[in-house]
Structure formats: structure tokens, C-alpha cells
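In this text the structure is predicted, and so the values were computed from the model without any measurement.
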Amino acid sequence: MGKKHKSQSCKKESTKKDRDVHAGIEERCKYENSSADENGEALAELETVNEVRNSNTIIQSESLKNVNGLLDCLKLGKKSNNCNQQKQLKSSNYYLHYVCQVCKSVIVTADKCTKCQMILYCSKEHRRQHWPVHADLCSAVQDARQSRNAKHILDVAIEKDYEFFKSFCYNLMIECEYRIQRKLENWEKELFLYPNVCETCFQCDSELLTSCDKCHHRSYCKPEHQNADHNLYCGNLQTFYEMRNQKFLHGNVQVTLPTEQPIGALENMDLSLHTSKKNLNKLEYLQLCDIATGPFTALYAYNHFKELDTNHRSKTSMVIHVVGAEKFFEVNTLQKWEIFFLHYLPDLKNLIITFVGPELDISEDEILSANNTELCDKCVDLKRTLKFSFISNTLYHDYAAGKSFQMPSLVCVFNAGMYRSTGYNQQDTWKDTIVKLFSWKNIPILITEYTSEEAEKDMQRIKAIQKVKTLIPPTQNPFSGRCPNLNFVSYQKVPVIFKNYYMILLQRE
């Protein structure tokens with residue numbers, strides 16, 4: 001069982017503990033490494049958390065000192081001792097403020113954790129069942145709240161702007177990681193990133209909040225605080241819950257890639273997957289779109305480039321570079337490059353996809369497995385080849401300067417975030433890569449982003465570094481992903497994002 005609620009007699013001990021916490025932060029203490037994240041796909045929903053670390057947001061007085069340096073120290077924490085039942089509860093867990101943390105049913109009559117006031121249950125039984133998993137974090141939240149003399153841990157953010165709220169929640173998450181001396185599970189991070197607050201003023205008193213009766217996701221403390229654009233996102237937020245619950249109850253949505261050869265022009269996702277859509281349920285189709293978005297977007301960009309280049313000749317061989325690749329995003333379901341790219345270019349005989357990234361870590365066995373995938377009978381008869389190479393733990397400009405470099409026919413930078421001045425390892429790694437990307441003539445560079453704002457910022461930064469020719473300006477991508485994810489970075493304005501939602505196509509001027 002976890003720690004009991006602090007009494008008045010514990011104030012001195014609590015105060016000393018708070019001093020120790022802040023002292024430890026300043027000393028940048030490191031913990032022992034924990035195991036790698038068991039649920040790689042869950043990072044899709046949380047990847048934008050890192051954008052807060054990389055932004056230039058001014059951390060307000062409530063925020064912890066030295067947070068940027070502390071993040072790297074706390075990325076891996078001590079393992080906690082959990083029984084098999086606790087591990088089972090964590091294995092596919094997620095947090096939404098309106099569902100029971102055990103069974104994931106939408107709450108009708110809430111049984112709230114009265115200690116941290118952050119988690120709801122559908123019954124006392126489920127609250128008791130979940131306590132061994134929740135206890136240490138619950139205690140950390142209580143300690144953090146008491147150190148601020150607050151009734152609720154988020155009281156300090158009420159009536160502040162979103163930048164303050166975002167920084168406070170993120171830094172509170174880091175503070176609690178330090179207090180319990182372990183890395184938080186993904187569902188625990190979501191507790192801090194997407195708490196139940198008024199979407200306008202961040203009021204956190206649940207007695208004053210009303211949630212949308214359809215999606216249950218967005219709340220407001222008074223009618224005039226309900227976002228006028230909510231209907232634009234309400235359906236997607238409902239779908240988000242459906243997908244998370246499907247995974248919790250039954251595992252990942254499984255979908256079989258289409259086997260039929262493409263018919264007609266490549267115009268948009270729905271037309272290109274028309275036949276498959278008829279045979280799939282809603283969630284299966286959305287999952288298929290998320291698989292297809294990478295190669296389809298690359299193909300759409302390449303075809304556009306060919307149309308504009310009057311001297312272009314059909315290629316029999318192509319090399320595509322995927323920059324900033326990560327194992328659980330770009331490097332999944334590799335057969336998609338045959339189905340959604342190779343099949344659409346009848347003159348293409350040999351296709352090589354090279355994945356490059358500082359956070360990419362692919363084993364030799366995985367490389368062998370990737371290159372042993374059999375092509376369809378028609379591709380085999382036509383003696384086509386599809387090969388994959390993986391440049392792990394490497395920045396793109398370093399790869400481009402090395403001996404193993406192959407000149408690309410197309411470069412893809414999916415969901416790039418080039419506008420950020422601090423990225424991998426807290427360094428500005430994009431600047432040198434941008435210089436290298438636009439050092440070659442007549443090579444199309446495809447860049448995608450989650451939002452129009454990010455796409456515009458990418459354009460501004462690229463143009464400040466290199467002279468470029470715009471082939472496609474920041475535009476909504478007809479082949480974007482369809483699985484909704486929550487958007488912590490600009491959650492107040494755009495709560496839901498999709499992979500590759502906006503695209504840009506550039507080349508050296």
C-alpha cells in the first residue's frame with residue numbers, strides 16, 4: 001500500500017522533503033535506467049510532450065527551475081516493485097478524465113480519488129483495486145499540493161494563459177517523477193497533460209465543471225467558456241476514445257493490407273482506398289489510413305514534382321530518405337511501401353527506403369527480417385526489388401557526410417518540427433540538416449506537420465537559412481492520417497491532430 005495522507009504533524013517532514021526535492025533538481029540527480037517503454041505505439045499520443053521541452057516558452061515563477069536539464073536526467077527512472085496484477089493494469093492502460101481508470105467505462109456516478117482529486121472510478125471496488133498502482137503517484141501529488149498550500153494541485157493555474165498552464169502541468173509531471181523516483185507510465189503522464197479543467201479559464205473544481213455530453217472530453221465552468229469551435233473536434237474526440245478503448249479491451253486494431261493493384265489516378269485517401277473501405281469497419285479503416293499516409297504522401301509529392309519538371313524521365317530505380325525516423329512511427333508495417341508506392345509506379349523496378357534518425361535503434365535481426373519480406377507475385381514476375389536500410393543513432397547531416405551515403409531521389413521529413421530551435425539532446429540539430437537538404441539541385445524535399453501553424457513556422461525557418469523554391473506551399477494533405485491524437489502543445493486551440501496533416505514540397509532554388 002502507498003503512503004497515507006499527510007497529517008498536520010507531518011508538516012515539518014513534508015517541508016524538508018520539498019526542500020530536498022528542489023535541491024535534487026538543482027543537482028540534476030540521475031536515476032538507474034528502467035526498461036524501454038513496453039508500449040511503443042502509446043508514444044504516438046504523447047510525442048508532442050517533447051515539443052514543450054523544445055519550445056522557448058518562458059517558464060513562470062510556479063514552474064520548476066532548471067527543467068530543461070532535468071528532463072534528460074529523469075527520462076529513465078527506477079523501476080517500481082509491482083505484482084503481476086499491477087503490471088496487468090498498466091500494460092495497456094491509458095488515462096481520460098471521464099472514464100473509470102480500471103474498466104474504462106464512461107463515468108455516470110463518479111467515485112473520485114479524494115486524495116489527489118485527479119482520477120475517477122465507477123465504483124469503490126475499482127478505486128480499491130487500482131490503489132496499489134496509483135498510491136505512490138497519489139502521494140507525490142498530495143505532497144506537491146501541500147507544498148503550495150493549495151486545495152487542488154492545479155489551483156495556481158486558474159485564470160492564467162495556456163502557456164502558463166501548459167508549462168505548469170508539464171513541470172508538475174517532472175516534479176512528481178522526481179518525488180517517486182521512477183519514470184511515470186504513459187497513462188500517468190496523461191493525467192498531468194490532459195486533466196479535467198475548464199477549456200477557457202482552467203478552473204479545476206469538478207463541482208463547477210460541465211463536460212460535453214457527446215465526447216465528454218472538453219469541460220467548461222460556464223456556458224460562455226465553451227469553445228465555439230468544439231463541434232469541429234467533438235466527433236474526433238469520440239473516435240479517440242473508441243480507439244483507446246478498443247486497444248485496452250482487445251489490443252491493437254488489426255488490418256490486412258489490400259492486395260489489389262491500383263486503379264485510376266491518385267487523388268486522395270478515400271478514393272485510393274475505396275475498395276478496402278467497403279470491407280473494413282470504422283476503426284480498421286482509420287488504422288489503414290494511418291499506415292498508408294507515409295508512402296501515399298511521398299508518392300503524391302513525387303508525382304507533383306515530376307509534373308513540374310519538364311526534363312524529368314521515369315526512373316527505374318529510386319532511393320527515398322526518411323529523415324528523423326523513429327521505430328514505432330515511420331518504421332512500422334514496411335510492406336506499405338510496396339502496396340502504396342511501388343505498385344503505383346509501373347516503370348519503377350528497384351526501390352530503396354533509407355531510414356535515418358538519432359532516435360532510431362534497429363537490431364541486425366530486425367534489419368534482416370525487414371529485407372526478407374516477400375513481394376506480391378506480380379512484383380516478383382516483374383523482377384522488382386524493395387530494400388530497406390537503417391542508419392541508427394545518426395543525425396541526417398552526419399549521414400550525408402559519410403561514406404555510406406546514397407543520393408536520394410526524394411527526401412521525406414514526416415511531422416518534422418523544424419521550427420524548434422532545440423530538438424534532439426537539447427541541441428539545434430535541424431539547422432545543419434536544413435543546410436544539407438537544400439545543398440542538392442533538383443531533389444524534392446517533402447515536409448509534413450500536424451498543424452498549419454507548425455507548417456508555416458517550418459517554412460519561415462527554412463527560408464531564413466536557405467534559398468528554396470516552393471513546389472507546394474503549406475497545404476492540407478489529401479493523404480494525411482485519420483487516427484486522432486491529442487495535441488498537448490496547442491491543446492486549447494487545436495485539441496486533436498493527425499499524422500502528416502499539412503505538407504510542404506520544396507527544392508533548392
Side-chain angles (χ1 to χ4, degrees), residues 39-48 92-96 98-99 104 106 186 190 194 212 214-218 230-260 262 266-300 326 328-341 414-415 448-451 476-488 491 494-503:
N39 186 2
E41 285 196 8
L43 294 175
E45 290 84 34
L46 289 174
E47 69 171 340
T48 51
S92 59
N93 213 344
Y94 68 92
Y95 170 85
L96 289 172
Y98 54 89
V99 303
K104 305 306 177 188
V106 175
N186 279 331
E190 292 172 329
Y194 308 108
C212 172
K214 294 179 181 178
C215 71
H216 311 287
H217 199 96
R218 303 302 290 268
H230 177 68
N231 285 338
L232 296 176
Y233 307 105
C234 187
N236 291 325
L237 290 168
Q238 293 174 59
T239 300
F240 178 76
Y241 168 66
E242 289 179 53
M243 299 201 75
R244 295 299 295 272
N245 216 35
Q246 161 72 25
K247 183 172 182 177
F248 178 77
L249 295 173
H250 307 293
N252 292 326
V253 176
Q254 300 297 321
V255 60
T256 302
L257 298 186
T259 56
E260 66 274 4
L266 189 76
E267 295 182 28
N268 60 54
M269 188 74 82
D270 287 334
L271 288 176
S272 300
L273 297 179
H274 174 71
T275 302
S276 298
K277 188 175 182 179
K278 294 187 295 185
N279 302 318
L280 300 174
N281 66 35
K282 172 185 172 181
L283 299 187
E284 289 170 341
Y285 178 65
L286 297 182
Q287 185 65 36
L288 180 61
C289 291
D290 258 35
I291 292 171
T293 180
F296 264 160
T297 303
L299 180 62
Y300 179 74
E326 295 182 24
F328 295 107
F329 294 94
E330 291 83 1
V331 189
N332 67 343
T333 321
L334 291 175
Q335 192 183 5
K336 63 190 177 185
W337 287 97
E338 176 198 1
I339 305 298
F340 304 121
F341 192 96
F414 296 122
N415 307 304
T448 70
E449 282 293 3
Y450 291 108
T451 66
Q476 190 168 327
N477 177 14
F479 295 94
S480 68
R482 296 290 181 83
C483 293
N485 293 300
L486 300 184
N487 174 24
F488 178 62
Y491 183 67
V494 185
V496 176
I497 53 176
F498 302 88
K499 293 178 182 176
N500 306 323
Y501 197 60
Y502 274 79
M503 65 178 294

Exercise. Given the rule in the salt bridge (Lys or Arg N to Asp or Glu O under 4.0 Å) test, do Glu330 and Lys499 qualify, once you have shown the distances and angles that lead to the verdict?
Worked result: CA-CA 11 Å; Glu330 291 83 1; Lys499 293 178 182 176; over 6 Å; no
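- Each of Leu286, Ile291, Val253 was scored for a side chain to side chain contact (heavy atoms under 4.5 Å, CB included) with Cys483, with one residue passing: Leu286.
- Residues Phe341 and Trp337 come closest through the heavy atom pair CB-O, 3.2 Å.
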Exercise. After noting the C-alpha distance and the side-chain angles of Leu237 and Arg218, does the key distance pass the side-chain contact (heavy atoms from CB on, under 4.5 Å) rule?
Worked result: CA-CA 9 Å; Leu237 290 168; Arg218 303 302 290 268; 3.9 Å; yes
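- Residue-environment remark: NZ (Lys282) exceeds the threshold of 12 foreign heavy atoms within 6.0 Å.
- Using a 4.0 Å cut-off between a side-chain N of Lys or Arg and a carboxylate O of Asp or Glu, Lys336 and Asp290 do not qualify as a salt bridge.
- Checking side-chain atoms of Ser480 against main-chain N and O of Gln476 turns up no donor-acceptor pair under 3.5 Å.
- Taking both residues in full, the closest heavy atoms of Val255 and Glu284 are given as CG2-O, 3.8 Å, listed atom of the first, atom of the second, then distance.
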Exercise. For Cys234 and His217, what are the C-alpha separation, side-chain angles and deciding distance, and is it a side-chain contact (heavy atoms from CB on, under 4.5 Å)?
Worked result: CA-CA 8 Å; Cys234 187; His217 199 96; over 6 Å; no
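- By the 30° and 60° cut-offs, the orientation of the rings of Tyr98 relative to His216 is tilted.
- For the residue pair Asn93/Lys104, the side-chain donor-acceptor check at 3.5 Å is satisfied.
- Between Asn281 atom CG and Gln287 atom CD the span is 11.0 Å, to the nearest 0.5 Å.
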Exercise. Would Phe329 and Phe414 count as a side-chain contact (heavy atoms from CB on, under 4.5 Å) if you check the C-alpha gap in whole Å, the side-chain angles of each, and the deciding distance to 0.1 Å?
Worked result: CA-CA 10 Å; Phe329 294 94; Phe414 296 122; over 6 Å; no
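- In plain terms, the two heavy atoms of Ser272 and Glu267 that are nearest each other are OG-N, 4.3 Å.
- Met269 places a side-chain heavy atom less than 4.5 Å from the side chain of Tyr285.
- Within the 3.5 Å criterion, the main-chain N or O of Phe479 finds a donor-acceptor partner in the side chain of Asn477.
- Judged purely by distance below 3.5 Å, without hydrogens or angles, the side chains of Thr293 and Asn500 pair a donor atom with an acceptor atom.
- Applying the ring-ring contact (aromatic ring centres under 6.0 Å, His included) rule to Phe340 yields the partners Phe296; only residues at least two apart in sequence or on another chain are considered.
- Closest approach of Arg482 to Phe498, counting heavy atoms only: O-CE2, 3.4 Å.
- Between the side chains of Glu449 and Tyr501, no donor-acceptor pair of N or O atoms lies under 3.5 Å.
- With values rounded to the nearest 0.5 angstrom, Asn245 atom CG is found 8.0 Å from His250 atom NE2.
- Side chain of Thr448 to main chain of Asn415: a donor-acceptor pair is present (N/O by atom type, distance under 3.5 Å, no hydrogens or angles).
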For this session: Take Tyr491 and Tyr194, measure what ring pair (Phe, Tyr, Trp, His ring centres under 6.0 Å) needs, and give me the verdict at the end.
Result: CA-CA 9 Å; Tyr491 183 67; Tyr194 308 108; 5.3 Å; yes
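- Taking the charged nitrogens against the carboxylate oxygens, Glu242 and Lys247 have no contact shorter than 4.0 Å, which rules out a salt bridge.
- In this structure, CG in Asn485 is found 6.5 Å from CZ in Phe240, a value given to the nearest 0.5 Å.
- With a 4.5 Å cut-off on side-chain heavy atoms, Leu96 and Val106 do not count as touching.
- Distance check, rounded to the nearest 0.5 Å: SG of Cys215 to CD of Gln238 gives 6.5 Å.
- Put simply, CD on Gln246 and CG on Asn252 are 9.0 Å apart, with the number rounded to the nearest 0.5 Å.
- From Leu283, atom CG reaches atom CG of Leu288 across 12.5 Å, with rounding to the nearest 0.5 Å.
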